[in-house]
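First comes the structure, then the notes that go with it.
Side chains included, hydrogens not; waters and symmetry mates left out as well; all remaining heavy atoms used. Numbering of ligands and ligand atoms starts at 1, following listing order.
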Amino acid sequence: MAETSSSPAQVESASKTVQELITSGKELPERYIYKGSDAGSIDASLPLMDIPIIDIGLLTSPSFSSTQELEKLRSALSFWGCFQAINYHGIEPEFLDKMGEVGKQFFDFPPETKHKYSRKDVSTEGYGSDIIIAEEQTLDWTDRLFLTTSPKDQRQLKFWPEIPESFRETLHEYTTELEKLNEILLKAMAMCLNLEENCFLDMYGEKENATMIARFNFYPPCPRPDLVIGIKPHADASAFTYLLQDKQVEGLQFLKDNQWYRVPLNPEALVINAGDYAEIMSNGIFKSPVHRAVTNSERERMSLAVFCVPNPDREIEPVNGVVNEARPRLYKKVKDYARSYFEYYQRGRRPIEAAII
Ligand SMILES: O=C(O)CCC(=O)C(=O)O
Ligand SMILES: [Fe+2]
């Protein structure tokens, strides 16, 4: 997918990671200057988001409190398309901490050590800077480590760091817990709409065959946070995305009615957002929100996004219970929709455009 119309010189300069670029002391390359329509607001002082907090323990309890929590979930996913999740017994705050630390430690290793895990040619898997697919593309100020974690037989372990030593085991444990949480949420998504509990899960498919991708985003300090973006505005091609935020440095923002909102730090919580698949399956009741990450002139920041995506063989469309006279069908049937994702993303467009009727 990194097939490119850029000249070899441009590809070469972008093949330096952002971390290497800043240590080389060179001037900021033009390719990083962001020109999107929201360019003027990157470093603006923006309102803090009143992000809903969902207690996963309550959501799964058989009592009255779960009805209230389900209603909170319905409202969060249809208004913002995202929320902060707390109190999930598989990923206590200490474990979130550990996962974040292990990821950060990888980026702290010297370049030659990290390059052992570098992306090769046109693959998205592995370590490296932003992927170039088009000449006009602005580059994101981020280095990434991109790893498919499910299905298990698609893991390419040669890209899985063995430094720090606990990296592989921690990521395995973390994503195994998220697989379970993802099933809980797919069920809760149905229950909060008074639909049959498994209607979304059945369409999504069993977790053994679904795709799960872990993307570590490392944003080095940036000399011009007013001109350069960490990740340009996009919505995710997932059913749900699980975002582990940096404990100390803010950066994630969501767009709602043309206004950007900063996500507050909360080291106890995981930020979860609906992706395009959830929007399609729910016939637009749940929103796949546009979001971006900004940079910081003094401090580095790391986030870990885990994308839960249906298997590419699955046909995804609005489920029966959400299509009726009052709410006609809004999306076509899609299959392997994530495939075209990067092409749309790198051109600053939304892949869901192609699915709208
Ligand atoms: O860094 C962040 O908080 C956002 C990352 C993100 O949106 C993504 O990786 O898709
Ligand atoms: Fe995202």
Side-chain angles (χ1 to χ4, degrees), residues 18 34 36 38 42 46 48-49 51 80-85 96 99-100 103-104 107 119 124-131 139-149 171 174-175 178 211-222 225 228-256 260-267 269-279 287-296 299-309 337-338 341-346 348-352:
V18 179
Y34 180 60
D38 53 331
I42 310 181
L46 297 170
L48 207 56
M49 186 178 170
I51 186 167
W80 291 107
C82 64
F83 58 91
Q84 283 181 335
L96 290 179
M99 187 66 256
K104 274 197 168 151
F107 289 97
R119 208 169 56 221
T124 47
E125 203 82 11
Y127 166 69
S129 51
D130 200 6
I131 292 175
L139 298 183
D140 290 340
W141 188 261
T142 183
D143 295 334
R144 301 187 175 113
L145 174 64
F146 184 109
L147 301 169
T148 299
T149 63
L171 183 61
Y174 181 68
T175 50
L178 290 187
T211 305
M212 204 168 188
I213 291 158
R215 179 159 83 177
F216 294 80
N217 303 299
F218 182 81
Y219 309 89
C222 177
V228 174
I229 196 133
I231 287 194
K232 35 185 167 304
H234 66 283
D236 295 335
S238 60
F240 285 107
T241 303
Y242 299 82
L243 274 169
L244 175 59
Q245 292 289 290
D246 195 290
K247 267 179 17 179
Q248 287 160 344
V249 185
E250 247 186 47
L252 175 64
Q253 301 177 350
F254 282 97
L255 185 68
K256 168 91 187 143
W260 286 103
Y261 292 88
R262 291 151 45 219
V263 175
L265 295 176
N266 182 351
L270 201 55
V271 175
I272 302 181
N273 67 270
D276 290 356
Y277 281 109
E279 182 167 321
K287 305 289 181 297
S288 166
V290 172
H291 51 286
R292 68 181 187 183
V294 296
T295 60
N296 184 295
R299 308 188 64 182
E300 62 191 35
R301 171 173 179 268
M302 198 207 73
S303 69
L304 165 57
V306 174
F307 306 96
C308 288
V309 185
Y337 153 95
Y341 180 75
F342 279 103
E343 296 213 15
Y344 275 85
Y345 168 69
Q346 296 296 29
R349 293 181 53 200
R350 292 194 63 180
I352 206 166

* Asked: Y34 pairs by side-chain contact (heavy atoms from CB on, under 4.5 Å) with which of L139, V228, I42?
  -> I42
* Sole residue of T241, V263, L252 in side-chain contact (heavy atoms from CB on, under 4.5 Å) with N273 ->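 Testing each of T241, V263, L252 against N273, the sole residue satisfying side-chain contact (heavy atoms from CB on, under 4.5 Å) is T241.
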* Mind listing the protein N/O/S atoms less than 2.8 Å away from the Fe ion (ligand 2)? Waters don't count. => H234 NE2, D236 OD1, H291 NE2
* For ligand 1, is any non-hydrogen atom under 4.0 Å from R215's backbone (N, CA, C, O), its side chain (CB onward), both, or neither? ->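 The part of R215 near ligand 1 is the side chain, not the backbone.
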* Heavy atom under 4.0 Å from ligand 1: found in D236's side chain, backbone, both, or neither? -> side chain
* Hey, what do you get for CG (N217) to CD1 (I231), rounding to the nearest 0.5 Å? -> 4.0 Å
* Give the residue and atom name of whichever protein heavy atom lies nearest to atom 5 (C) of ligand 1, and the separation in Å to one decimal. =>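 Ranking protein heavy atoms by distance from atom 5 (C) of ligand 1, first comes N217 ND2, 3.4 Å.
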* To do: Name the closest protein heavy atom to atom 2 (C) of ligand 1, giving the residue it belongs to and the distance to 0.1 Å.
  =>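 Its nearest protein heavy-atom neighbour is S303 OG, 3.3 Å.
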* Asked: Hey, looking at atom 3 (O) of ligand 1, which of R301, K232, R144, E250 has the closest heavy atom?
  -> R301
* Basic-acidic side-chain contact under 4.0 Å: D38, R292 -> yes
* Specify the closest pair of heavy atoms between P220 and D143, including all atoms of both residues, with the distance to one decimal. =>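 Reported closest heavy-atom pair: CG-OD2, 4.4 Å.
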Those atoms of ligand 1 less than 4.0 Å from some heavy atom in [X]:
| X | answer |
| --- | --- |
| Q245 | 3 (O) |
| I231 | 5 (C), 6 (C), 8 (C), 9 (O) |
| H291 | 7 (O) |
| Y219 | 1 (O), 2 (C), 4 (C), 5 (C) |

Could you tell me whether a side-chain N or O of [X] sits under 3.5 Å from a main-chain N or O of [Y], the two making a donor and an acceptor?
| X | Y | answer |
| --- | --- | --- |
| D276 | S288 | no |
| E125 | T148 | yes |
| D130 | D140 | yes |

* **salt bridge (charged side-chain N to carboxylate O under 4.0 Å, His left out), paired with D246, selected from R299, R301, K104** =>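 By the salt bridge (charged side-chain N to carboxylate O under 4.0 Å, His left out) criterion, D246 pairs with just one of R299, R301, K104: K104.
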* Asked: H291 vs F254 aromatic rings, parallel, tilted or perpendicular, using cut-offs 30° and 60°?
  ->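 Judged by the thresholds at 30° and 60°, the geometry between H291 and F254 is tilted.
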